[in-house]
Amino acid sequence: MLTHTTGTTLAPATPAERDLVADLMATREAPVSDAPVWAPEAIGILLLALLLSPREPREK
């Protein structure tokens with residue numbers, strides 16, 4: 001993106017400002033979602049629950 005400047009100059013950042021920016025860039029972000037992740041060991045539990053679940057009622 002091109003921008004047009006009017007000839008103003010920026011002062012260099014102070015050491016405190018540089019440290020602040022470095023800290024903000026190094027800080028890890030919190031996870032956005034705590035959604036469950038796939039776990040292969042859960043397959044056995046799901047199969048066991050399927051086998052132990054009650055059967056559907058029979059129609060007469």
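Quick caveat, the model's predicted, so the values are computed rather than measured.
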Qualifying residues under side chain to side chain contact (heavy atoms under 4.5 Å, CB included), relative to I43, sequence neighbours excluded: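 With sequence neighbours excluded, I43 shows a side chain to side chain contact (heavy atoms under 4.5 Å, CB included) to W38, L47, given in chain and number order.
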Hydrophobic cluster (4.5 angstrom, side-chain heavy atoms) - remaining members for L50: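 Members other than L50 - counting any ILVMFWY side chain reachable under 4.5 Å - there are none.
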From L20 atom CG to T14 atom OG1, the distance as rounded to the nearest 0.5 Å: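 L20 atom CG to T14 atom OG1 measures 9.0 Å (nearest 0.5 Å).
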